[in-house]
Amino acid sequence: MLVMKFGGTSVGDAQCFRGVKEIVARGVRKHAPVVVVVSAMSTVTEALLESARSAAAGNEAVVAEKLQYLRQKHLRAIEELFPGPRREQVATAVSEILAEFEKLCAGMALLRELPLRAMDAGLSVGERMSATLLAQHLDDQGIPAQAVDTATCLVTEDNFGSAPPLMKETREAMRRVLLPMTEKGTVPVVTGFLGATRGGVRTTLGRGGSDYSASIVAAALDADELWIWTDVDGVLSADPKMVGEARFLDELTYEEAAELSHMGAKVLHHKTLAPLLTRMIPVWIKNTFAPEKPGTRIGAPHAGSPLGPKAVTSLAPVSLLTLRSNGTPGTTELFARTFEALSHSQVEILMVTQASYQDSFCLLVPQSAAEKAQAALAQAFRLELSHDYLEPIEREDVAAVALIGEGMRGTPGISGRLFGALGREKVNVIAIAQGSSESNISCVVALQDRAAAVKAIHQEFIVPSAAQSV
Ligand code: ASP
Ligand code: MG
């Protein structure tokens, strides 16, 4: 069993749908049974979001304009894809789905409110329309297919806007809904991003969640592989905007891919890998527009897996917060209270470093969370701050740069070479972390040094072995 996921750009217009059909046809010939998971057509989720926001703000003109855009985008694709009698039928189905959204917008306009629950229902129309279009197109082209709204089989909690899946129930429901289809040779075309609570109320998995949906489907069906079709040839060794010599990677381990997405690389939605780990289902990242290229394989390390540095990534702007105590509170208490305060206010911590003798340490948080973090710490340590036991919390906006690759800890000299490379480029290192993870050496540099740092590290470790350049 093969699960294939197509992102928004892969189904951007009629021409793209045709390309997807070719890929699915080949998949069915070689790897049947195939299950397809699809995102909304590109720009659609954004347009839906904007109309809902405008509706709640009472801006009817924008709502009307966006609705017109959405209608035309889908109807144009339908016109091009279905010359025959199916056109009418597909157009009606899509219009009915969009009409639901129109009603929701009217409700939001009336209430002048944007309830998350209604928002999820509204956003669901994007994937429902694209799944309908794709299933009908495949079926029309001789590949029996059927659209599946995952409100019927992806069971989640009721955290609207970013609902965690309930895996046991989902597995049961997906097998019940999807396996009878694949058994009779029909390709299920499953909506990405969407789910529903036990009570059947629509939810979404969070923006960009279709990758995650796909890995949930793959895990639920015990698929052999998951192929994620996107608009690039695979995962790159660095951002090509910073490094001209960046190259596509043949393979990555789950751990490396997780480190990369944690450190800012746009590899996969960050929750995607978790469902695959139990059965070690490998994921391939492939290019819809160049399907003959092999892509990048992400999976468990195997005997022939290349070890050592593989990719350089960076995250910016991020904020470095420095806490310095004069001894009271001591390090342990300082840590405990800091983490508690940040966890209460749900601030993600990207990196922590500690001076070895002083009661001081730095932590790195996303810049968007920096103010919240500062406020939480100011509140937690208000007494210590007012008595100067704690120096005022410093904040510096910086860039984090990381070298990723499994097995680096077993290779002496890597850190030395890394800092040597930065030194030669006159990049000053503000903080360093080689965490408990063996596969990530991170450092913090000034914002303006970001690109130079990435380039220097890439040059030192990756370029010599360059194979498939971009
Ligand atoms: N359509 C959704 C979004 O844009 C989900 C996805 O594309 O993965 O966030
Ligand atoms: Mg998308």
Side-chain angles (χ1 to χ4, degrees), residues 3-13 16-17 19-20 35-53 66-67 69-70 73-74 77 94 97-98 100-101 104 114 116-135 147-151 153-154 156 159-165 170 189-196 202-219 226-232 235 257 261 265-276 283-289 298:
V3 176
M4 288 195 190
K5 181 256 172 177
F6 295 92
T9 49
S10 303
V11 290
D13 58 20
C16 297
F17 274 99
V20 168
V35 176
V36 169
V37 179
V38 71
S39 290
M41 292 175 77
S42 53
T43 70
V44 165
T45 306
E46 209 50 54
L48 291 167
L49 256 172
E50 276 173 44
S51 359
R53 284 195 195 114
K66 296 283 168 201
L67 276 168
Y69 168 76
L70 289 164
K73 185 173 174 90
H74 290 90
V94 163
I97 299 174
L98 202 56
E100 253 181 63
F101 179 68
L104 282 166
L114 200 64
L116 274 180
R117 171 175 167 159
M119 189 77 157
D120 275 359
L123 291 185
S124 77
V125 309
E127 269 72 9
R128 286 157 64 201
M129 291 192 290
S130 62
T132 303
L133 255 169
L134 180 56
V148 177
D149 179 346
T150 40
C153 59
L154 202 161
T156 73
N159 311 31
F160 299 103
S162 173
T170 297
V189 180
V190 175
T191 54
F193 183 48
L194 315 180
R202 284 191 181 282
T203 54
T204 63
L205 302 183
R207 289 305 306 279
S210 294
D211 290 344
Y212 190 26
S213 307
S215 73
I216 293 169
V217 171
L226 168 60
W227 294 8
I228 294 195
W229 291 93
T230 175
D231 52 4
V232 289
V235 182
S261 53
K266 287 180 192 66
V267 183
L268 282 172
H269 182 270
H270 64 284
K271 294 179 186 157
T272 306
L273 296 175
L276 305 172
V283 195
W284 289 83
I285 314 282
K286 285 171 171 282
N287 191 348
T288 332
F289 306 103
I298 301 172

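These figures come from a predicted structure and were not determined experimentally. Reckoned from all heavy atoms, side chains included, excluding hydrogens, waters and symmetry mates. Whatever order the structure lists ligands and atoms in, that order sets their numbers, starting from 1.
Each of the atoms 1 (N), 2 (C), 5 (C) of ligand 1 lies under 4.0 Å from some heavy atom of Glu127. Every atom of ligand 1 with a heavy atom of Thr45 under 4.0 Å away is listed here by number and element: 1 (N), 2 (C), 3 (C), 4 (O). For ligand 1, the atoms sitting less than 4.0 Å from at least one non-hydrogen atom of Arg207 are 3 (C), 4 (O), 9 (O), numbered in the order shown with element in parentheses.
At a heavy-atom distance under 4.0 Å, no atom of His269 approaches ligand 1. Under 4.0 angstrom from ligand 1, the non-hydrogen atoms of Ser39 all belong to its side chain.
The shortest N or O to N or O distance between Gly208 and ligand 1 is below 3.5 Å. Remark: ligand 1 and Lys5 share no N or O pair separated by less than 3.5 Å (distance only, no angle test). Backbone and side-chain nitrogen or oxygen atoms of Asp211 are examined, and none is located within less than 3.5 angstrom of a nitrogen or oxygen of ligand 1.
Residues Tyr212 and Pro275 meet the side-chain proximity criterion, which asks for heavy atoms closer than 4.5 Å. Here the side chains of Lys73 and Val44 are in contact, with some heavy-atom distance below 4.5 Å. Ser261 has its side chain out of reach of Leu268: every pair of non-hydrogen atoms, C-beta onward, lies at least 4.5 Å apart.
For Arg117, there are no salt bridge (charged side-chain N to carboxylate O under 4.0 Å, His left out) partners at least two apart in sequence or on another chain.
In this model, no donor atom of one side chain and acceptor atom of the other lie less than 3.5 Å apart for Thr203 and Asp120. Judged purely by distance below 3.5 Å, without hydrogens or angles, the side chains of Thr150 and Thr191 pair a donor atom with an acceptor atom.
For the pair Glu46 and Arg207, the salt-bridge criterion is met [side-chain N within less than 4.0 Å of a carboxylate O].
Assignment of Gly192 to the shell around ligand 1 is not supported, since no heavy atom sits closer than 4.0 Å.
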